[in-house]
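Please read the structure below before turning to the comments.
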Amino acid sequence: MAKTTAADRRAEPRAPSARWQSALTDIAPNKILIRGYPLDEMMGRLGFAEAVYLLLMGELPTPAIGRMLNAVLVSTVDHGVTPPSTLAARNVATSGAPLKDSVAAGILAFGPQHGGDIETCMRFLDRGLVLVRAGKSLQDAANALVSECAQAHETPPGFGHRFHTRDPRAARLFQMALELELEGEHVRLLRAIERALDARKDDFNGRVLPVNVDGAIAAICADLGFAYDLGNAIFLISRLPGLIAHAHEEQTQQTRMRQLDPKDHDYAGARERRLPERR
């Protein structure tokens, strides 16, 4: 049998290559389409939160959803120097590493207990809604979920905070969801769980377990139709500016290779002030 040479192999007809598809962005000479919308037309007409919603969900949000998502993104833009992600970013920044590396370290610090609680809470709420669809009332479903957590000696995801006894961010998000008529079954179940926890403090060592911002974001994102992992993505998008600000402040205002203890820091920024009236 004749031996096949490299030249013979090159001459053989090739099967057409498989082509993969993306529905996000179409690029052509002098044109950029995001989900079909010209990017230059979006600029100045869509807010950042609306553009994020378009990318993640495929369609433009209603004005109410756009406002709600904007509030969600603002709600976790920063939370001081104590979160693990902030400390990670500052610790890398103090080594003299580039800004992008410092911020990347902060992102890598997100985990099940920091940011990941959003997905866990979304799944937790959906478990309760299965009970509702099987015939239980919202409050009975909430009581059942709380009982499970009490028996397992676990804090329900989305509840409790190491610093706040009433998380002002969660309260504001719930207020906006009500005002914008976006309060859905996930938010209502979360509030029912909060009532059940308040009635059963003794089962949780007398601790007050308010809804935290992760829980509020989880319920609202679920009501807006976001998938579980996209709830975590919203937290990542929101937190990025804060990580950048902390890493940049560390690089420009602190000495290199210092040891960071968050308990030693003092706030030296502007005093509390009111936002100007919207024009």
Side-chain angles (χ1 to χ4, degrees), residues 16-79 85 89 98-110 114-119 121-123 126 169 172-173 176-177 179-184 186-187 213-214 216-248 275 278-279:
S17 60
R19 297 181 63 82
W20 62 282
Q21 297 179 327
S22 172
L24 299 177
T25 308
D26 185 19
I27 306 293
N30 307 321
K31 181 181 290 187
I32 305 170
L33 301 180
I34 304 292
R35 297 284 194 178
Y37 293 98
L39 182 58
D40 54 315
E41 293 184 12
M42 293 167 54
M43 295 161 60
R45 297 178 62 184
L46 291 187
F48 182 69
E50 294 168 308
V52 167
Y53 184 93
L54 173 64
L55 261 176
L56 297 182
M57 302 296 282
E59 296 295 340
L60 291 171
T62 64
I65 291 175
R67 281 191 63 197
M68 188 77 253
L69 184 58
N70 187 66
V72 167
L73 290 176
V74 171
S75 71
T76 56
V77 72
D78 194 54
H79 200 211
S85 56
L99 182 66
K100 64 178 179 62
D101 295 358
S102 306
V103 174
I107 291 173
L108 290 173
F110 296 146
H114 181 37
D117 214 27
I118 294 172
E119 177 178 343
C121 185
M122 290 171 79
R123 293 180 182 276
D126 277 347
R169 302 164 298 178
R172 176 57 177 154
L173 290 176
M176 288 192 64
E179 291 173 353
L180 295 170
E181 299 182 349
L182 293 173
E183 183 182 82
H186 292 87
V187 169
V213 71
D214 286 350
I217 291 173
I220 289 168
C221 284
D223 280 339
L224 295 183
F226 284 100
Y228 300 135
D229 52 348
L230 289 182
N232 285 348
I234 292 298
F235 181 85
L236 188 156
I237 294 167
S238 171
R239 207 64 164 199
L240 188 59
L243 293 177
I244 293 170
H246 279 282
H248 186 257
L275 288 168
R278 299 189 68 172
R279 296 178 181 176

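Along the sequence shown, the residues carry numbers beginning at 1.
- How far CG of Leu182 is from CG of Asp223: 8.5 Å, rounded to the nearest 0.5 Å.
- Between the NE2 atom in His186 and the CD1 atom in Ile220 there is a gap of 12.0 Å [rounded to 0.5 Å].
- Closest non-hydrogen pair, Leu69 versus Ala49, comes out as CD2-O, 3.3 Å.
- The neighbour count for His248 NE2, taken as heavy atoms of other residues, nucleotides or ligands under 6.0 Å away, does not exceed 12.
- Between the CG atom in Leu56 and the CG atom in Leu224 there is a gap of 12.0 Å [rounded to 0.5 Å].
- In this structure the side chain of His246 reaches within 4.5 angstrom of the side chain of Asp78, judged on heavy atoms.
- For the pair Val52/Ile237, a side-chain contact is recorded, criterion being any heavy-atom separation below 4.5 Å from C-beta on.
- Taking every heavy atom of both residues into account, Ile34 and Met42 meet most closely at CB-SD, 3.8 Å.
- The salt bridge (Lys or Arg N to Asp or Glu O under 4.0 Å) test applied to Glu119 returns Arg123, not counting sequence neighbours.
- Between the CG atom of Asn232 and the CZ atom of Phe226 there is a distance of 12.5 Å, given to the nearest 0.5 Å.
- Considering CG of Asp214 and OG1 of Thr76, their distance stands at 8.0 Å, rounded to 0.5 Å.
- The shortest side-chain heavy-atom distance between Ile118 and Cys221 does not fall under the 4.5 Å cut-off.
- You'll find the side chain of Leu33 stays beyond 4.5 Å of the side chain of Thr25, heavy atoms only.
- Taking 4.5 Å as the limit, some side-chain heavy atom of Met176 sits within range of a side-chain heavy atom of Met68.
- No side-chain heavy atom of Glu50 sits less than 4.5 Å from a side-chain heavy atom of Arg45.
- For residues 25-49, no residue pair satisfies the ring pair (Phe, Tyr, Trp, His ring centres under 6.0 Å) rule, not counting sequence neighbours.
- Side chains of Arg67 and Leu180 form a contact here, defined as non-hydrogen atoms less than 4.5 Å apart.
- Within the 4.5 Å cutoff, the side chain of Ile32 has no heavy atoms near those of the Asp40 side chain.
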- Message: side-chain contact (heavy atoms from CB on, under 4.5 Å) for Leu243 and Ser85? Distances and angles first, verdict last.
- Response: CA-CA 8 Å; Leu243 293 177; Ser85 56; 4.0 Å; yes
- Task: Evaluate the side-chain contact (heavy atoms from CB on, under 4.5 Å) criterion for residues Leu60 and Tyr53: first the C-alpha distance (whole Å), next the side-chain angles of each, then the deciding distance (0.1 Å), finally the verdict.
- Result: CA-CA 7 Å; Leu60 291 171; Tyr53 184 93; over 6 Å; no
- Query: Passes side-chain contact (heavy atoms from CB on, under 4.5 Å), Ser238 versus Val72? Steps please.
  - Reply: CA-CA 8 Å; Ser238 171; Val72 167; over 6 Å; no
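- Note that the CZ atom of Phe110 and the CZ atom of Arg239 stand 6.5 Å from one another [nearest 0.5 Å].
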